[in-house]
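Read the structure below first, then the notes.
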Amino acid sequence: MRERIRLCFIGCGAFCKSFVPLFQKHPDVESVAVCDLIPERSAAYAEKFGVPVIASFEEAIHRRDINAIAIFTQRHLHGPLVIAALKAGKHVYSAVPCASRIEEIAEIEALVRQSRLTYSMGETGFYRAATIFCRRQMAAGHMGDFVYGEAQYNHDQRHFDYTRNGPDWRRVAGIPPMLYPTHSTAMILGALPGVFARKVAAFGYTEKYLTDIFGVNGVNLWNNPFSNTAMLLQLSNGGIARISENRRVAFAGPNTYISQFYGSNACYEFAVAHHYFSSWDPANPQKLRMQEVSQQLLPPSVFQVISEPDGPQKISENVGFWESAPIQPTGRIPESYRQDKNGHNGTHHFLVDDFCRAVATGRLSPTNIWTAARFNLPGLVAHQSALRDGERMDVPDLGDPPADWKVLDPEKTTPGEEA
Ligand SMILES: NC(=O)c1ccc[n+]([C@@H]2O[C@H](COP(=O)([O-])OP(=O)(O)OC[C@H]3O[C@@H](n4cnc5c(N)ncnc54)[C@H](O)[C@@H]3O)[C@@H](O)[C@H]2O)c1
C-alpha cells in the first residue's frame with residue numbers, strides 16, 4: 001500500500017511558489033496546505049493556489065491530518081525546523097541547504113535512521129544535465145577513476161530583495177557562502193555515489209565594498225567577512241575537487257555548473273555554453289577523441305542560440321532556465337504533472353517526485369540525509385578553515401544509508417519499487 005501524502009509548506013516566499021503546483025499535481029499527494037510567519041504571504045498563496053492556511057509551524061507539525069512538511073524558510077533556518085518536524089513524526093522535504101551546523105545534520109541523520117521517516121533535500125544540482133551526464137559516464141565505466149573536478153555556484157546576490165524579510169536583513173544576507181555549498185558539491189559528488197570529502201582547506205575573499213553586509217563587527221549573524229570562498233577537497237576515492245561559492249562576482253552566465261570533471265580515461269569540460277567530452281582510446285594512445293555533447297546537455301532553445309554564428313553573445317541569464325535538456329530522464333516523471341516549464345533547468349519535478357515516491361514506497365530518496373550530509377558538511381568545515389587562513393581540516397562523514405533501506409533509482413521508476 002502506497003502511503004498518501006498530506007503536506008504543509010512552511011515558508012511562502014519567493015521559491016516555494018514553484019513547488020506548490022508540483023506537489024498538488026503529484027499522484028501520491030492527497031492534500032496541500034501552506035503556512036508563513038507573515039499571514040499576508042500565506043493568504044496570498046491560499047488565494048493563488050486554492051489551498052488552506054495553517055497558522056503556525058507548531059500547529060502544522062502537531063496536526064494529525066498532516067504527515068509531511070516541506071521547509072522553504074530562509075536558508076539559515078532549516079536545521080531546527082527539520083529536527084522538530086521529524087521529532088513530531090512527519091516526513092520532511094527540505095529546500096537546500098540541509099542545515100547550518102554540523103550537530104544539526106548529525107541529529108537529523110540519527111532521527112531519520114531511528115524513525116525511518118523520509119527526509120529528502122531538494123538539491124537541484126543533483127539533476128542538472130552535466131551532473132547526470134558525468135554520473136552516467138562514471139557508472140558506465142567510461143571515465144575510469146575520478147581524478148579531479150571543479151564546480152562553482154556563482155550567484156551575485158545584489159539583486160535579492162532581502163528587505164522583504166524585515167529591517168534586520170543585512171544580518172542574514174551576510175551568511176557565509178560555504179553555509180550554502182550544496183549546489184556545487186552536489187554536481188561533483190552527485191556523479192560519484194558513495195564518495196565523500198575527507199579533508200578540506202579553504203580561503204575566503206574578504207569583501208571590500210559591501211562591508212555593511214559582510215563583516216566581523218556583528219554586521220551579520222555569523223561575523224562573516226567573506227563574500228566569496230573557494231575550497232579544495234581531498235575525496236575518499238583519492239580524487240581532488242575544487243568548489244567555489246561566490247556571492248559577489250559579476251558573472252552573468254549560467255550560475256551553477258561543473259567546469260571540469262576529469263577521469264583517468266575520459267574527461268568532461270564545460271567552456272562558456274559549449275560542453276565537451278574527451279576520451280582516451282587505450283587501443284590508440286596517440287589519439288584523444290574530443291566530442292561536443294552540447295546538444296544533449298542544453299535545453300533546445302539554448303542550443304539553438306549557441307549554434308548561431310554570434311550566438312553566445314545573445315545568451316541571457318534566464319535563457320533555458322525553465323527548460324529540460326534531452327539527457328534528463330523526464331520519462332520517469334508521472335504523466336500527470338510532467339511540466340515543460342520547470343525551474344533550475346528542468347530539475348524541480350525530479351526532486352518532488354523523489355520525495356513523493358520515497359514516502360509512498362518506503363524507499364530512500366536519492367538525496368536522502370546521508371547524501372545531503374555529504375553535500376553539506378564539507379562547506380560547514382570549509383568556512384572554519386577559511387576563518388583560520390586555509391588550515392587543513394578533517395570533514396566528518398555520517399556513513400552510508402542502512403544496508404536494508406533501498407534507494408530509489410534517479411534514472412527511472414522501477415516496477416514494484418515498494419520496499
Ligand atoms: N536552486 C535552489 O535549490 C534554490 C533556489 C532558491 C531558493 N532556495 C531555497 O529556498 C528557501 C526559500 O527561499 P526564498 O527565496 O523563497 O526565501 P524567502 O525569504 O522569500 O521566504 C522565506 C519565507 O519563510 C517564512 N518563514 C520563516 N520562518 C518561518 C516559520 N518558522 N514558519 C513559517 N514561515 C516561516 C518567511 O516569513 C518567508 O516568507 C531557502 O532556503 C533557499 O535556500 C533554493
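What you see is a predicted model, and the numbers here were worked out from it, not measured in a lab. Atoms within a ligand are numbered from 1 in the order they appear, just like the ligands themselves.
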Before signing off on this row, confirm whether [X] and ligand 1 have an N or O atom pair separated by under 3.5 Å.
| X | answer |
| --- | --- |
| Ala14 | yes |
| Leu77 | no |
| Val96 | yes |
| Phe15 | yes |

Between [X] and [Y], what is the ring plane arrangement, given parallel below 30°, perpendicular above 60°, and tilted in between?
| X | Y | value |
| --- | --- | --- |
| Tyr257 | Phe270 | tilted |
| Trp322 | His348 | perpendicular |
| Phe72 | Phe19 | tilted |
| Tyr93 | Phe23 | perpendicular |

Assess, by modelled atom type and distance only, whether the side chains of His183 and Glu123 contain a donor and an acceptor separated by less than 3.5 Å. yes
Does any donor atom in the side chain of Thr330 or Gln328 lie under 3.5 Å from an acceptor atom in the other side chain? no
Who's the nearest protein heavy-atom neighbour of [atom], and how far?
| atom | answer |
| --- | --- |
| atom 20 (O) of ligand 1 | Arg164 NH2, 2.6 Å |
| atom 3 (O) of ligand 1 | His183 CE1, 3.3 Å |
| atom 21 (O) of ligand 1 | Gly13 CA, 3.3 Å |
| atom 19 (O) of ligand 1 | Asn165 ND2, 2.6 Å |
| atom 32 (N) of ligand 1 | Ile10 CG2, 3.5 Å |
| atom 12 (C) of ligand 1 | Phe72 O, 3.2 Å |
| atom 11 (C) of ligand 1 | Thr73 O, 3.3 Å |

Would you mind telling me if ligand 1 is within reach of the side chain of [X], the backbone, both or neither, using heavy atoms under 4.0 Å?
| X | value |
| --- | --- |
| His78 | side chain |
| Arg41 | side chain |
| Gln74 | both |

Using a 6.0 Å cut-off, check whether atom CD of Glu47 has over 12 heavy atoms from anything other than its own residue. no
Counting heavy atoms only, name the option from Val34, Ile38, Leu37, Asp36 that's nearest to atom 37 (O) of ligand 1. Asp36
Nearest heavy atom to atom 24 (O) of ligand 1: which of Gly125, Cys16, Gly11 does it belong to? Gly11
Where is the tightest heavy-atom contact between [X] and [Y], given as atom of each residue plus distance?
| X | Y | answer |
| --- | --- | --- |
| Val32 | Val20 | CG1-CG1, 4.3 Å |
| Arg128 | Thr347 | N-CG2, 3.9 Å |
| Asp354 | Ser365 | CB-OG, 3.7 Å |

Could you list which atoms of ligand 1 come closer than 4.0 Å to a heavy atom of Thr124? 1 (N), 2 (C), 3 (O)
With a 4.0 Å cut-off on N to O distance, would you call Glu107 and Arg101 a salt bridge? no
